[in-house]
Q: 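This is the structure I have questions about; it appears just below.
For the numbers below, each heavy atom of this structure counts, side chains included, while hydrogens, waters and symmetry mates do not. Proteins get letters first, then strands, A, B, ... in listed order; numbering begins at 1 in each.
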Amino acid sequence: MTAPAPHRPPEGLTHQGLVYGSDEEFLAATVPFCREGLARGEAVLAVTTGTNIGLLRRALDDVSGQVEYADAQDWYQRPGATLGAYHRWVDRRTAGGAHRRVRVIGEPVWRGRDALETAEWTRYESAVNVAFADCAAWIICPYDTRVLPPAVVADAHRTHPELATDGAALVSDHYADPADADSVWSRPLAPVRAEGEDAVLSFGADLTDVRSFVADTATALGLTPHKTPTLVFAVNEVATNAVQHGGGAGRLVLRRCGPRIVADVVSAGPSHAAWYLGYLPPDPRQPRGHGMWAVRHLCDLLEVHTDDGATTVRLHVGLD
Amino acid sequence: MAADTGRDLLVQDVGQGDHVCLAFADDAEQRHVLSHYLADGLRRGERVLYFADRNTPDEVLGWLPAAGVDPGPLVSRGQLTVTTADDSYLASGTFDPDTMVAVLRQEVAASLAAGYTGFRVSGEMGWALREVPGADRLAEYETKVNAVFAEGRASAVCQYDARLFGAEQLHGFDRCHPSTAELRPLYQDARLRLVPAFRSGHHALRVVGTVDHTSTATLAAALETLLDRPGDVYVDMRELEFIDLAGVRALAHAADRMAAGRRLHVVDLAPLMAQVVRLVGFDDIPSLSVDTAEDPA
């Protein structure tokens with residue numbers, strides 16, 4: 001980070017990382033951020049640790065009651081659902097001109113994440129840049145150097161176009177645009193460590209067999225019955241995309257990996273889905289393009305990779 | 001909201017012991033159910049009595065040849081009688097439920113005594129909307145007459161034209177009947193049936209089976225037919241096995257096209273799909289309402 005961030009009109013997104021190493025540093029950036037927002041009539045949401053919520057409440061004192069708070073542990077459970085929850089919150093607060101602009105403190109949870117989860121939450125942070133690109137929102141994502149691995153802090157410089165400090169914002173030199181075709185975010189799928197044999201099914205336009213195969217196989221792999229409709233719905237949506245936009249056919253692979261069912265849907269023909277497919281909030285009234293948003297919301301993790309023209313969508317669904 | 005009555009009966013399954021409400025929205029639906037009902041009874045050797053009101057007796061007799069029955073000889077020998085309500089049980093100028101029940105019980109006994117295998121009766125009930133003394137006791141009759149059909153050798157189809165009766169009236173009369181006649185499906189294949197129906201007296205569509213990318217357009221077309229009918233409309237998902245997002249979107253977008261003040265009620269939707277409605281934002285469409293079986297709103 002070298003140059004001060006450019007001044008920009010308030011209509012679009014401002015997405016900043018806040019790298020802090022003490023309570024004082026956290027408050028020096030977030031308290032003025034909240035107070036200024038409230039003074040301008042903007043809605044303010046703080047999603048952070050319980051400790052930081054306590055610090056903020058005390059520091060904000062007389063205006064504390066005007067800020068909405070949420071515990072990050074509850075808020076950051078699945079990337080698709082979290083992005084959806086932010087989208088709904090922004091929508092509600094700006095609906096009918098209630099607030100012209102919103103401010104969000106969003107501190108992701110990194111503790112207890114395995115390598116894949118960490119990679120996907122990092123991509124989530126990057127996807128915020130495209131998902132909220134047209135939103136009148138200023139989002140600050142705090143990263144606590146006291147507890148986070150250095151690699152996670154380093155990634156904050158790649159996922160945020162700007163870095164917040166107490167007073168000014170600086171352009172991040174390491175920012176990697178999510179929409180770049182060869183960006184670091186578009187990476188091959190890792191090999192999975194499956195327990196037992198892969199269950200494989202090739203499909204064409206008739207998805208009846210796909211749905212019964214998913215239901216039967218997932219049950220045999222230990223998916224709890226109440227989750228079966230979720231996996232059937234999700235695989236059916238991705239397979240429908242393969243049929244309609246990916247060459248008319250595809251291949252499905254199901255297996256169990258630890259606490260999750262992992263399903264790969266590979267389209268047979270050319271398809272150019274972006275890695276952040278399903279992260280862009282659809283207008284309910286648009287004629288198509290809601291399926292992957294719903295699928296990303298319902299799955300624990302969703303990976304999309306295009307290679308040699310064929311797209312693989314990998315869904316991870318928890319067993320219960 | 002659950003269905004109004006215990007059973008939706010296909011017309012070919014209506015038999016002795018049944019007292020069935022037929023609510024219908026157009027002449028073709030009425031003709032389809034009644035021509036089958038009358039012809040089936042005649043073929044089974046039952047005595048058949050029809051009380052016309054909006055149609056003339058000749059029009060009703062005219063339905064039968066297409067159902068494979070030549071009515072002439074049957075009328076001559078008394079197996080088939082098609083008259084009007086005005087010329088029969090309303091001839092006195094008054095409708096009396098107890099008299100009517102007694103007359104029907106005699107008709108059943110007389111039919112059996114004459115060697116018929118049973119008795120079936122159908123009536124067009126539009127007269128109840130005219131200034132007939134006793135018409136306000138029609139629901140009382142519909143309830144009392146259940147005993148006649150429960151005795152087992154007779155059946156009835158009572159016809160309520162949704163173009164004449166209001167939703168609340170239809171709902172009230174439907175509730176007096178143990179079962180409801182299923183209308184001819186708008187669409188039917190091995191995986192999906194789309195059947196017009198009535199719920200709470202409102203026009204409805206029953207979605208039976210599976211909706212996926214191969215049937216989105218079919219569902220959308222059936223919803224257009226439903227939307228052409230007046231008032232709030234219901235889509236009954238109790239017998240739905242699977243629906244994909246495009247199917248749910250067809251429901252939402254159909255609701256979105258409705259005139260202000262009308263609503264499309266999706267009822268008995270699986271909880272997962274109700275969740276999908278919310279997370280896509282279809283719940284922001286004011287004319288769409290969604291109830292799940294588990295979570296009645």
Q: Only counting residues at least two apart or in another chain, list the ones meeting ring pair (Phe, Tyr, Trp, His ring centres under 6.0 Å) with His316(A).
A: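 Not a single residue meets the ring pair (Phe, Tyr, Trp, His ring centres under 6.0 Å) criterion with His316(A).
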
Q: Would you mind checking which part of Leu272(B) comes under 4.5 Å of any heavy atom in chain A, side chain (CB onward), backbone (N, CA, C, O), both or neither?
A: side chain

Q: Among Leu207(A), Val232(A), Asn236(A), Asp283(A), which residue forms the greatest number of heavy-atom pairs with chain B at distances under 4.5 Å?
A: Asn236(A)

Q: Using a 4.5 angstrom heavy-atom cutoff, name the option from His226(A), Arg211(A), Glu237(A) with the most pairs to chain B.
A: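 Maximum pair count with chain B is reached by Arg211(A).
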
Q: Check the angle between the aromatic planes of His87(A) and Phe132(A) and answer parallel, tilted or perpendicular using the 30° and 60° thresholds.
A: tilted

Q: Measure across Val317(A) and Cys299(A) and return the closest heavy-atom pair with its distance rounded to 0.1 Å.
A: CG2-SG, 3.9 Å

Q: Count the heavy atoms of every other residue, nucleotide or ligand shown that sit under 6.0 Å from CG of Asp206(A), and state whether that count exceeds 12.
A: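 Above 12, so yes.
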
Q: Could you tell me whether Trp89(A) and Tyr86(A) have their ring centroids closer than 6.0 angstrom?
A: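 Aromatic pair excluded; centres sit 6.0 Å or further apart.
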
Q: How are the rings of His265(B) and Tyr234(B) set to each other: parallel, tilted or perpendicular (split at 30° and 60°)?
A: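 Judged by the thresholds at 30° and 60°, the geometry between His265(B) and Tyr234(B) is parallel.
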
Q: Contact part of Asp256(B) toward chain A, heavy-atom cut-off under 4.5 Å: side chain, backbone, both or neither?
A: side chain

Q: Is the shortest side-chain heavy-atom distance between Leu22(B) and Tyr37(B) below 4.5 Å?
A: no

Q: Quick one: which of His253(B), Met273(B), Arg249(B) has the most heavy-atom pairs under 4.5 Å with chain A, could you say?
A: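 Result: the option with the highest number of such pairs is Arg249(B).
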
Q: Fit a plane to each ring of Tyr160(B) and His177(B), take the angle between them on a 0 to 90° scale, and name the class: parallel (under 30°), tilted (30 to 60°) or perpendicular (over 60°).
A: perpendicular

Q: Checking an interface table here. Which of residues 210-218 of chain B come within a heavy-atom distance under 4.5 Å of chain A?
A: Thr210(B), Asp212(B), His213(B), Thr214(B)

Q: Can Arg92(A) and Glu68(A) be counted as an ion pair, charged N to O under 4.0 angstrom?
A: no

Q: What's the shortest heavy-atom distance between Ala294(A) and Leu245(B), and which atoms?
A: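 In this case the closest contact between Ala294(A) and Leu245(B) is CB-CD1, 3.7 Å.
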
Q: Examine whether an atom of His297(A) lies under 4.5 Å from a heavy atom of chain B, and if so say whether it belongs to the side chain, the backbone or both; otherwise answer neither.
A: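 For His297(A), side-chain heavy atoms alone lie under 4.5 Å from chain B.
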
Q: Which atoms of Ile285(B) come close to chain A, meaning under 4.5 Å heavy atom to heavy atom: side chain ones, backbone ones, both, or neither?
A: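 Contact with chain A: backbone and side chain both.
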
Q: Can you tell me which portion of Arg88(A) sits under 4.5 Å from chain B's heavy atoms? Options are side chain, backbone, both or neither.
A: side chain

Q: Measuring heavy-atom distances to chain A, does Val280(B) have an atom under 4.5 Å in its side chain, in its backbone, in both, or in neither?
A: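 For Val280(B), heavy atoms of backbone and side chain both lie under 4.5 Å from chain A.
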
Q: By a 4.5 Å heavy-atom criterion (distance strictly below it), what part of Val295(A) contacts chain B: side chain, backbone, both, or neither?
A: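 Neither the backbone nor the side chain of Val295(A) comes within 4.5 Å of chain B.
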
Q: For Ser155(B) and Gly17(B), which heavy atoms make the closest approach, and how far apart are they?
A: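 For Ser155(B) versus Gly17(B), the nearest heavy atoms are CB-N, 4.4 Å.
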
Q: If you count heavy-atom pairs within less than 4.5 Å of chain A, which of Leu279(B), Val276(B), Ile243(B) leads?
A: Leu279(B)

Q: Here's a test for you: under salt bridge (charged side-chain N to carboxylate O under 4.0 Å, His left out), which of Arg229(B), Arg31(B), Arg184(B), Arg163(B) qualifies with Asp26(B)?
A: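 The residue from Arg229(B), Arg31(B), Arg184(B), Arg163(B) that satisfies salt bridge (charged side-chain N to carboxylate O under 4.0 Å, His left out) with Asp26(B) turns out to be Arg229(B).
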
Q: Could you tell me which portion of Arg296(A) (side chain, backbone, both or neither) has an atom closer than 4.5 angstrom to a non-hydrogen atom of chain B?
A: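 When you check distances to chain B, no heavy atom of Arg296(A) falls under 4.5 Å.
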
Q: Using non-hydrogen atoms and a 4.5 Å limit, figure out which bit of Pro281(A) sits close to chain B: side chain, backbone, both or neither.
A: neither

